[in-house]
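Contents: one structure, followed by commentary.
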Amino acid sequence: MRTVIFDLDGTLADTGADLIAAANGCFGEIGAGPQLDPVADKSTAFRGGRAMLRLGFERLDEADVDAAVEAQYPRLLELYGENIDTHTVLYPGVAAAIAALRDEGYAVAICTNKPSGLAETLMTRLRARDWFGALVGADTLPVRKPDPAPYFEAVRLAGGDPTRSLLVGDTVTDRETARAAGVPSVLVTFGPEGAGVADLAPEALLPHYDELGGVVRGLIG
C-alpha cells in the first residue's frame with residue numbers, strides 16, 4: 001500500500017507557542033523570567049525541548065548548560081503536558097488533505113521526535129488521532145529520527161509498503177531521515193524555516209496542504 005508518513009511539530013500542527021510557554025515556565029520557576037520569544041525562537045522550539053532549554057540557559061550564561069538542561073527537561077515535559085493544546089492548531093488544509101489521501105487508498109501515519117505519550121495526547125486533543133493508522137514517537141524505539149528505523153516502523157504499523165512511501169516534514173532532520181530510508185521527502189514551506197527548506201534539496205516543497213495530493217501522486221503514484 002502506498003504510504004505517506006508525516007512529522008508532527010511544524011508539519012501537521014503549529015505547536016511553537018505551547019512549547020515555548022513550557023520552556024519559559026521552567027525559567028520562571030528558577031527565577032530567571034522568560035528567555036524565549038514565541039515568534040523569534042519558534043524554529044528552536046521545533047528542534048525539541050532540550051534545544052529550547054539550551055538556548056535559554058546560554059542566554060543566561062549558565063556555567064554548566066548541559067547539566068542545567070537535563071535538570072529542567074523533566075519539568076518542561078510536565079509543564080508542556082499540562083498545557084499541550086492551549087495555542088496549538090493544525091495547519092490550514094490538513095484535515096481535508098489527509099481525508100483525500102485516505103479516500104484514494106493511501107496509508108497515513110505519524111513519525112515524530114516528540115515523546116509518544118505527548119504526541120498521542122496532542123493528536124487526540126486536536127481530534128485528529130484517528131485519521132492516522134499509526135504514531136511512532138521519540139521513545140517508541142531505542143532510536144529516533146534521523147535514524148530511519150522509526151520511519152520504517154511507522155510504515156509497517158500503518159500496513160504500508162516502504163518502497164512506495166514518502167515523508168512529509170519541515171526540518172533537516174526529516175530530510176536526513178528520508179535520505180537514510182531511501183525515500184522521497186516533501187518539506188513544507190509554511191513551517192518555522194519557511195522557504196529556506198529549499199536549500200535542503202528535498203524531492204518536493206509543499207506551500208499549502210491543498211497541493212499535497214498532487215505532490216504525493218507525482219512522487220509515489
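The main-chain N or O of P162 is found under 3.5 Å from a side-chain atom of S165 such that the two form a donor-acceptor pair. For D18 (side chain) and T86 (main-chain N/O), a donor-acceptor pair under 3.5 Å exists by modelled atom type. Under the 3.5 Å distance criterion, the side-chain polar atoms of T3 are matched with a main-chain donor or acceptor of M1. Proximity of a side-chain donor or acceptor of K145 to a complementary backbone N or O of C111 within less than 3.5 Å is detected.
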Side chains of residues 89-102: which donor-acceptor pairs under 3.5 Å do they make with residues two or more places apart or in other chains?
none

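For the pair D170/L187, no side-chain contact is recorded, criterion being any heavy-atom separation below 4.5 Å from C-beta on. Taking 4.5 Å as the limit, some side-chain heavy atom of Y151 sits within range of a side-chain heavy atom of V183. The side-chain heavy atoms of T88 and R125, taken from C-beta on, include no pair separated by under 4.5 Å.
Between R2 and D161 there is no salt bridge, since no side-chain N of the basic residue sits under 4.0 Å from a carboxylate O of the acidic one. Ionic pairing of R179 and E176 is not present here: no N-O contact between side-chain nitrogen and carboxylate oxygen is shorter than 4.0 angstrom. Salt-bridge formation is detected for the pair R175/E203: a Lys NZ or Arg NE/NH1/NH2 atom is positioned less than 4.0 Å from an Asp or Glu carboxylate oxygen.
The CG atom of L122 sits 8.5 Å away from the CG atom of L118 when rounded to the nearest 0.5 Å. Atom CG in L79 sits 9.0 Å away from atom CD in Q72 (nearest 0.5 Å). Atom OG1 of residue T112 and atom CE of residue M123 lie 10.0 Å apart, to the nearest 0.5 angstrom.
Listed by first and then second residue, the salt bridge (charged side-chain N to carboxylate O under 4.0 Å, His left out) pairs that reach into residues 212-221 are E104-R217, sequence neighbours excluded.
I110 pairs with exactly one of L12, I5, T11 by the side-chain contact (heavy atoms from CB on, under 4.5 Å) rule, that one being L12. With respect to D41, the salt bridge (charged side-chain N to carboxylate O under 4.0 Å, His left out) criterion is satisfied by exactly one of R59, R47, R54: R59.
Relative orientation of the Y209 and F6 rings is tilted, given thresholds of 30° and 60° on the angle between their planes.
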